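See structure below.
Just so it is clear: chains get the letters A, B, ... in the order the sequence lines come, proteins before strands, and each one is counted from 1. Since we're looking at a predicted model, the values are computed, not measured.
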Amino acid sequence: MKKLFFLIAMMGAFSILSVNVNAQVTSNQELTMGIPEVLLINAVNASGVTGAVSLELTTTVAGTAISGGTGTSYAQLSSIVTSTQTRKMTASVTGVPTGTELSVATAVPTNANFAGTVGTGTGALVLGETAVDIATGIGSCYTGTAAGDGYQLDYTWDAGAAGAYGTIFATGATTATVVLTLSAGY
Amino acid sequence: MNNPSIKMMLTGIILCFINHLNAQVWTAGDNITLQVSEFALIETNHAPVTLTLATSTAGAPVGSVSNSDVFVKISSIVPGGTDREITARISSGTVPAGTQLTLVSANCTTTNSGGALGTAITTPITLSSVDQFIVRYIATCYTGTGYNDGYQMTFTWAPLNPAANYSQIAAATYNITVVFTLTAHDGN
């Protein structure tokens, strides 16, 4: 009789173990994905490295004003904005010799290495100590990091207003510093 | 009681009784059904997954980012000759415009597992709202229950064709839920 009870008990145990579970089951996993704002800017010369742009004012024709101080650099930037923002790039300068003017024309990237919304450049603007907008409407974009990538900044240095010509003096190398700023979103 | 005849009679009765006890055999016949039912359980280690797209180089695009902290654990019993799959899909939230989120599973860890653990698909899937296979040919097995037991999942988030779509990328925080499914066996 004890054996019989034991066998019945075992059958009951197996019955409990055979409870069905759903044939298909799932589990959830949460992911938090963030894109912070990005604003990085770097000025490089035509060789793609950080370095000064050399400009020289001179003339070879008697009777003409000095001219010919031109050079090019590139502003490489990375930008991520929110869905409602754009940025702008501004420029200011200090150290321009008396009697002369430094101006810059800005062209947005056109080669194959940029992507995104690079905005709009400007024609030649005279630079001073007060920042001026040289590119606007910049959204999420990057310019590339190779030589020739970025916003092309064509500098022109020449004599300023005719009345100030008498204040120009020959000098050795002097350094003017242009500050490029990529603004916060607005 | 001192009568020898009576003693012999009593002895005879006792012997008969003992013989009777020895002849009694307790038996029971019955069919026993042993059943192991189809069985499927799935769970992740719920590791926090935080992905951030960023760059530190002016002129460079935001780079891709990966996370391999999530492990999927399962227990599975299947009928003979059948198998299951693990699938994944996005159940809530949307992958931000201009980006894509991919997922690939490693084969199951071996430390605490046993059975037919299947084969991970080596090509990453681009996660969407539709279930896609990430592990196939899972039969009867268990993965172990430790935090790093099971199938290691690698999420990779990256810009999608940036030359065309980069301007769509917008700074913000996005929450996404991925649901893993251990399917019914293919004999269902």
Between [atom1] on residue [X] and [atom2] on residue [Y], distance to nearest 0.5 Å:
{"X": "A:Leu31", "Y": "B:Tyr174", "atom1": "CG", "atom2": "OH", "answer": "14.5 Å"}
{"X": "A:Met33", "Y": "B:Asn67", "atom1": "CE", "atom2": "CG", "answer": "10.5 Å"}
{"X": "A:Glu30", "Y": "B:Thr50", "atom1": "CD", "atom2": "OG1", "answer": "11.5 Å"}
{"X": "A:Gln76", "Y": "B:Thr57", "atom1": "CD", "atom2": "OG1", "answer": "10.5 Å"}
{"X": "A:Ser140", "Y": "B:Asn165", "atom1": "OG", "atom2": "CG", "answer": "12.0 Å"}

Query - chain B contact via A:Thr84 - side chain, backbone, both or neither, heavy atoms under 4.5 Å - result: neither
Query raised in the report: So which part of A:Asn28 gets closer than 4.5 Å to some heavy atom of chain B, the side chain, the backbone, both or neither?
Result: both
Requested in this report: Mind listing the closest non-hydrogen atom pair of A:Tyr142 and B:Pro162 along with its distance?
Outcome: OH-CB, 3.6 Å
**Report entry** Minimum heavy-atom distance B:Thr52-A:Pro36, with the two atoms named
**Finding:** CG2-CD, 3.5 Å
Report summary line: Among A:Asn42, A:Val44, A:Val81, A:Leu39, the residue with the most heavy-atom pairs under 4.5 Å to chain B is A:Val81
Query raised in the report: For chain B, which of A:Asn113, A:Val38, A:Thr145, A:Leu182 has the most heavy-atom pairs under 4.5 Å?
Result: A:Thr145
Would you find a donor on one side and an acceptor on the other, under 3.5 Å apart, between the side chain of [X] and the backbone of [Y]?
{"X": "A:Thr26", "Y": "B:Val179", "value": "no"}
{"X": "A:Ser78", "Y": "B:Gly59", "value": "yes"}
{"X": "A:Gln29", "Y": "B:Ala47", "value": "yes"}

Query raised in the report: Do other residues, nucleotides or ligands put more than 12 heavy atoms under 6.0 Å from B:Tyr137 OH?
Result: no
Requested in this report: Under 4.5 Å heavy-atom distance to chain A, tell me which part of B:Val65 shows up: side chain, backbone, both or neither.
Outcome: neither
Query raised in the report: Quick one: what part of B:Leu101 sits under 4.5 Å from any heavy atom of chain A, side chain, backbone, both or neither?
Result: side chain
